[in-house]
Amino acid sequence: MSSSYAHLLRGKAFLRGQWIDALDGCVFNVTDPAGGRLLGTVPDMGADDARAAVAHAHAAGPAWRALPVQVRAAHLMAWHALILKESEALAALLSAEQGKPLAEARGEVLHGAAYLHWFAEEARRIQGDVLPPPVGGKRMLVTKEPIGVVGAITPWNYPNSMVTRKCAPALAAGCTMVLKPAESTPLSALALAALAEQAGLPSGVLNVVTGDPKAIGTMLATHPLVRKLSFTGSTAVGKLLSQQAAGTVKRLSLELGGNAPFIVFDDADVERAVDGVLRAKFRNAGQACISPNRLFVQARVHDAFCARLAEKSSALQVGRACEPGVAMGPLIHEQALARVAALVDGAVAEGARVLTGGLRLPLDGPFYAPTVLVDVRQDMRISATEVFGPVAPVCRFETEQQVLTWANDTPYGLAAYVYTADMRRIFRMLDALECGMVAINDTAMSNEGAPFGGVKESGFGREGSSYGLDDYLVLKYACIGGLD
Ligand code: ADP
């Protein structure tokens, strides 16, 4: 399989348009989560390498922001076109290093590319304002400028689309960047950088450093020339980066953990709701921040819903990403599997019942069976934890008020799902749910034209849509007097 993406494999980091090693020459291995096959090695960089990358991004800034917006947009469009041309190779590489089935990887590559297209178009609409002055002889203008050098830190669950999702608005706005991909999945980010290079992106505009998360993260969060940090990952690391970034008063976008409620009312289309769980819960083996984490099902449809969900979940084909017909791959590593297994075992010890799954599968790699748990309560540990695995814990509820209280009883506030046929209830739920995104009778909420992001400890800032572009722009107000 490696031949299909060999031309996109890069074993070096990308700084100032050059493919380079770490200053100390160290490297680390990247392996296939299913079976541990070695896919490549990449530089194990640290603080000094990151500092150099920031200097390159800073040096490239003035020329990049001075380009006419159509020219910046054309660079993004050229990058987009190359990603589409290479989408099969990028998907194969993504599957190999992350483990998700090939069909899902293809979807991610196209989803990620769409951000480049969308923000290339949106760049032309970075407009200002002329405001009415309070006295005569004045003009008051508001313009929007790129914030400056952006540091971006991306996770391993969406190694391709998280990169374009951050690069597209930042570059469209006129910012230059230093990107640090996750250590489990750096190859997809480097392949994207190779295509950016081929698309003619000027050197230094996008720099990619691989290596020590703590050393590089601290450098990006504390360096005075980095004016914005965009992070997707765990709430714990997000909090640490916020503290570090405070010293230089950096702007932040934080897309952190979630604990999404998935609420099915008695009047819902049960079959549609079951299919929604299958798509949203088992996609990426449940390793997504918007994955339904707690399923609340109203009493009258509870048993029918659970039986159908267990039947369909147990029929999902689990296996290596490249096998035909596979619907779910492995977890990212053994540690992730051990964590998920402990959460399930803990829930069972607290009184939950396993309807299907609940065990590791006898395959080569960290494969866990699609699992449905019932008799789950809101006071169990599994309900308070982001599961990040293929486990659907179901909790029975009686009233709308009760489920709303439970749904909001979490420090997180990223996504929520509601299945109901009652229009008045839909709007009551939209008003009352404490989260950044709500999907009603649907699960496919993430796209380039919509603002993705959370509230509470799920973070702030939005990715996608014109709101996502604002996150990389600063306002400048000009007061011009003496005109009378
Ligand atoms: P997860 O638990 O899903 O792996 P992390 O928050 O640990 O989530 O990882 C998300 C990203 O944050 C990755 O790119 C990872 O390398 C990076 N990261 C991990 N620890 C730190 C840290 N101390 N400082 C900065 N970035 C970090």
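Note: hydrogens, waters and symmetry copies are ignored here, and every other heavy atom, side chains too, is used. Remember, it's 1-based here, ligands and their atoms both numbered in the order they're listed. Here the structure is a predicted model, which is why all the values come from computation and not from measurement.
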Starting from [atom], locate the nearest protein heavy atom and write down its residue, its atom name and how far away it is, to 0.1 Å.
{"atom": "atom 1 (P) of ligand 1", "value": "Trp156 NE1, 3.8 Å"}
{"atom": "atom 17 (C) of ligand 1", "value": "Ile153 CG2, 3.8 Å"}
{"atom": "atom 2 (O) of ligand 1", "value": "Ser234 CB, 4.2 Å"}

Do Lys312 and Phe282 form a cation-pi contact, if we require the NZ or CZ to be under 6.0 Å from the six-membered ring centre and within 45 degrees of the ring's axis?
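No - Lys312 does not lie over the ring of Phe282 by the 6.0 Å and 45° rule.
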Answer yes or no on whether Lys456 is positioned over the face of Tyr412, meaning its NZ or CZ is under 6.0 Å from the six-membered ring centre and within 45° of the axis.
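Output no; distance or angle outside limits.
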Nearest heavy atom to [atom]: which of [options] does it belong to?
{"atom": "atom 18 (N) of ligand 1", "options": "Pro213, Gly151, Gly211", "result": "Pro213"}
{"atom": "atom 27 (C) of ligand 1", "options": "Val237, Leu220, Thr210", "result": "Val237"}
{"atom": "atom 15 (C) of ligand 1", "options": "Gln244, Glu183, Met162, His333", "result": "Glu183"}

Please determine, by modelled atom types, if [X] and [Y] share a side-chain donor-acceptor pair under 3.5 angstrom.
{"X": "Glu97", "Y": "Ser184", "value": "no"}
{"X": "Ser230", "Y": "Lys166", "value": "yes"}
{"X": "Arg294", "Y": "Asn259", "value": "yes"}
{"X": "Thr210", "Y": "Lys180", "value": "no"}
{"X": "Glu448", "Y": "His111", "value": "no"}

Counting each atom of ligand 1 from 1 as listed, which ones have a heavy atom of [X] under 4.0 Å away?
{"X": "Leu240", "value": "23 (N)"}
{"X": "Gly233", "value": "6 (O), 10 (C)"}
{"X": "Phe231", "value": "6 (O), 11 (C), 12 (O)"}
{"X": "Lys180", "value": "14 (O), 15 (C), 16 (O)"}
{"X": "Gly217", "value": "25 (C)"}
{"X": "Thr154", "value": "11 (C), 13 (C), 14 (O)"}

Can you find an N/O atom of [X] closer than 3.5 Å to an N/O atom of ligand 1?
{"X": "Thr218", "answer": "no"}
{"X": "Lys214", "answer": "no"}
{"X": "Thr232", "answer": "no"}

Distance below 4.0 Å between atom 5 (P) of ligand 1 and any protein heavy atom?
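So far as the 4.0 Å threshold goes, atom 5 (P) of ligand 1 is in reach of a protein heavy atom.
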Derivation of the side-chain hydrogen bond (donor to acceptor under 3.5 Å, both in side chains) call for Gln98 and Asn284
CA-CA 9 Å; Gln98 201 272 345; Asn284 212 12; 3.1 Å; yes
Do Trp156 and Phe388 make the cut of ring centroids closer than 6.0 angstrom?
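Aromatic pair counts; centres sit under 6.0 Å.
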Is Tyr467 atom OH crowded by more than 12 heavy atoms from other residues, nucleotides or ligands, each under 6.0 Å away?
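Open: at most 12 neighbouring heavy atoms sit under 6.0 Å from OH of Tyr467.
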Does Asn157 come within less than 4.0 angstrom of ligand 1, counting non-hydrogen atoms of the residue?
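No, that is not the case, since the closest heavy atom of the residue is not under 4.0 Å from the ligand.
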Could you tell me if the side chain of Glu197 sits less than 4.5 Å from the side chain of Leu201, heavy atoms only?
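No, their side chains stay 4.5 Å or more apart.
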